[in-house]
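In what follows, a single structure is set out as structure tokens and then discussed.
One-based numbering along the sequence shown.
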Amino acid sequence: MQEQIDTDKTLQRHTLRERGICVVIPTYNNGGTIIDVVNRSKNECDDVIVVCDGCTDSTLELLQEVKDITIVTNTRNQGKGAALKRGFRKAMEMGFSYAITLDADGQHYPEDIPVLLEANIQHPGALIVGQRKGVENAERSFGSNFANAFSNFWFCVQTGLRLADTQTGYRLYPLKKLSCLSLLTSRYEAELELMVFASWHGVEIVSKQVDVFYPPKEERISHFRPVKDFSRIFVLNTCLCILAIVYALPLKIIRFLLTAARTVYSLLLYLVVCLFVFIPYTTILNFLHIGKQEKSSKLRSILYHIARFVIFRHGIPGVNCKVENGGETYSRPAVIICNHQSHLDLMLMLSQTPKMIILTNDWVWNSPFFGKLIQNAEYYPVSMGIDTIIPKLQSLVERGYSIAVYPEGTRSKDCSIGRFHKGAFYIASTLKTDILPIVEYGAGRVLPKGGKYLRQGNIRLHVNERIPYEEYSKYGTYQDMASKFRQYYKTQYRLMCNKYDQDA
């Protein structure tokens, strides 16, 4: 059991580093608790940064005896907000994309870091807020309870978002998205301000429950100054309410208009291509006295060039698409498989090579805009039935074409890898071709299933090494093959997420 726990911890620490996540702990005169907090944090994460904010007790001396941590010091106490900003700058200098913050007084459990990690995996680029369990029922001072309720109310007024705990210091910050924000304050209230400004600038805010420990009153160390800090919070909220009207609302409208403009532009480009390129080109080819195979080849070629123009020549504004290809030339036929996330997937696949046939859904095959083009290009709908399609695919493979199939059969709602159907592996085994895995990242976030607008983002395609028939044929039944390849895709996709989510 302990061996499994150690293995899980090692994998967790490795995942945190792969995703560019560190821990930042601001501290001011927490000599009695800081070492325990730091050591427990190190057990969860290899990369810990401690900001010693002008400490006058033994905190700095104690920290200097701890190995493998980064210490940042302020010569005088500047406040928690300033300490956090100093820690964030250091984290970014060290190459981190996210920072988990927790208090040095022992109130937060470093053992809840996996909760924030899981939330980061599910919501890359979001600001994760650790909602303290039972905070409303804990034995706290009237001032502390009032401050949290007061903060929650005004946060809702200023952003339109409801959070149960806006005063928690247990958070995961997306550093790259926040690096351009200039804060008005530098002390206790800066955390609230940072969250408000993040929301205004389109950063998703997600709340996740975490445990909290409140020691007996006589053991608590608090630097909260009721009169001064309430006054500062009052002034800050007054300023934020004004800014919510004169700054945040116009910013939200502009952001919506830009999103709508990108979507309309892409839709118009699609309609123009269909009406003035696809349909005329198909019509002209029908009048030319050329063979069916030559006609199909020309249609696939124009699909390839248009797809490359759209994907790589800014046909989708605000979207950056790149392909990592280790040397695949598509010169030999293969069954190409890919995970399925978005309506953009077809265009992404078409942009890879003209020597490819894609098995489509019925709506693509019957499209009034490009249905005839798809049919004449010898693409086939899966609904025709595998046994009916196989002889046609055999002929295409003999002519040097690869066959592209989406084993999931339908788009994933959350970009996760769904169940693989066995049809793709039946086709590959019957044709005795290699299987060429292509792993896709990001398309489901740019245009998610059910989404109406094109979002900004990054799309990445990894063209992986071929798997020969002689190798995958040993996997067992077609169902065994489907299961084996699904596990392969889950691993590959997780690695891509760990790498590219840092830029989300």
Side-chain angles (χ1 to χ4, degrees), residues 2 5-6 8-17 21-74 77 79-80 83-84 86-88 90-91 94 96 98-118 128-135 138-141 144 165 167-173 188 191 208-224:
Q2 186 59 45
I5 293 174
D6 293 341
D8 291 343
K9 286 293 183 187
T10 300
L11 177 60
Q12 172 189 302
R13 291 195 294 269
H14 181 67
T15 301
L16 285 164
R17 178 165 286 181
I21 303 175
C22 67
V23 172
V24 173
I25 306 173
T27 179
Y28 175 61
N29 292 350
N30 297 113
T33 56
I34 185 63
I35 299 304
D36 178 61
V37 172
V38 168
N39 285 332
R40 289 162 61 194
S41 297
K42 284 179 58 183
N43 190 47
E44 304 293 328
C45 178
D46 287 332
D47 304 292
V48 177
I49 300 171
V50 183
V51 184
C52 193
D53 187 28
C55 297
T56 57
D57 64 354
S58 60
T59 298
L60 181 57
E61 289 75 14
L62 292 169
L63 287 171
Q64 289 172 339
E65 297 179 3
V66 181
K67 295 181 180 179
D68 300 323
I69 65 170
T70 301
I71 303 174
V72 179
T73 59
N74 292 332
N77 178 250
K80 188 175 183 181
L84 286 175
R86 183 83 187 275
F88 293 166
K90 185 63 177 179
M94 295 172 66
F96 293 103
Y98 300 95
I100 293 175
T101 63
L102 52 91
D103 292 344
D105 60 3
Q107 178 188 119
H108 302 139
Y109 286 83
E111 291 75 19
D112 279 329
I113 286 175
V115 176
L116 302 188
L117 171 60
E118 184 61 31
I128 313 298
V129 179
Q131 178 189 335
R132 295 166 291 181
K133 295 178 184 176
V135 66
E139 185 183 355
R140 301 193 303 165
S141 67
S144 182
D165 188 5
Q167 291 292 298
T168 176
Y170 209 164
R171 302 178 181 180
L172 184 148
Y173 289 97
Y188 169 82
E191 288 180 299
K208 291 292 181 180
Q209 286 198 334
V210 295
D211 289 316
V212 63
F213 170 69
Y214 283 110
K217 285 186 177 182
E218 61 274 10
E219 297 180 16
R220 297 179 192 175
I221 297 177
S222 176
H223 304 295
F224 183 77

**Q.** Straight-line distance of Leu63 CG to Ile34 CD1, nearest 0.5 Å
**A.** 5.0 Å
Q. Should Val129 and Thr168 count as side-chain neighbours, where that means a heavy-atom distance under 4.5 Å?
A. yes
Q.
So, applying side chain to side chain contact (heavy atoms under 4.5 Å, CB included) with Asp53, which one of Val72, Asn77, Asn29 is it?
A. Asn77
Q | Distance (rounded to the nearest 0.5 Å) between Asn30 CG and Thr59 OG1 | A | 6.0 Å
Q.
Could you tell me if the side chain of Leu116 sits less than 4.5 Å from the side chain of Asp112, heavy atoms only?
A. no
Q: Apply the test side-chain hydrogen bond (donor to acceptor under 3.5 Å, both in side chains) to residues Arg132 and Gln209: give CA-CA distance (whole Å), side-chain angles for both, the deciding distance (0.1 Å), then the verdict.
A: CA-CA 6 Å; Arg132 295 166 291 181; Gln209 286 198 334; over 6 Å; no
Q. What distance do Leu60 atom CG and Glu65 atom CD have between them, rounded to the nearest 0.5 Å?
A. 10.5 Å
Q: Test side-chain contact (heavy atoms from CB on, under 4.5 Å) on Leu102 and Ser41 and set out the steps.
A: CA-CA 9 Å; Leu102 52 91; Ser41 297; 4.0 Å; yes
**Q.** Side-chain heavy atoms of Ile21 within contact of Ile100, under 4.5 Å
**A.** yes
Q. Judged by atom type as modelled, is there a donor-acceptor pair below 3.5 Å linking the side chain of Asp103 to the main-chain atoms of Asp105?
A. no
Q: Any chance you could measure Cys45, atom SG, to Arg17, atom CZ, to the nearest 0.5 Å?
A: 8.0 Å
(Q) Rounded at 0.5 Å granularity, tell me how far OH in Tyr170 sits from NE2 in His108. (A) 8.0 Å
Q) Does Val48 reach the side chain of Ile25, with side-chain heavy atoms less than 4.5 Å apart? A) yes
Q: May I ask you to check whether Tyr173 and Tyr98 place their ring centers less than 6.0 Å from one another?
A: no
Q. Do Thr70 and Val50 have side-chain heavy atoms sitting under 4.5 Å apart?
A. no
Q: Write out all pairs satisfying salt bridge (charged side-chain N to carboxylate O under 4.0 Å, His left out) with one or both partners inside residues 31-46, taking only residues at least two apart or from two chains.
A: Lys9-Glu44, Arg13-Asp46, Asp36-Arg40, Arg40-Glu111
**Q.** Intermediate values then yes/no, side-chain contact (heavy atoms from CB on, under 4.5 Å), Leu16 and Asp47
**A.** CA-CA 9 Å; Leu16 285 164; Asp47 304 292; over 6 Å; no
**Q.** Nearest-0.5 Å distance that lies between atom CD1 in Ile71 and atom CD1 in Ile69
**A.** 4.0 Å
Q | Check: Cys52 main-chain N/O paired with Arg86 side-chain donor or acceptor under 3.5 Å | A | no
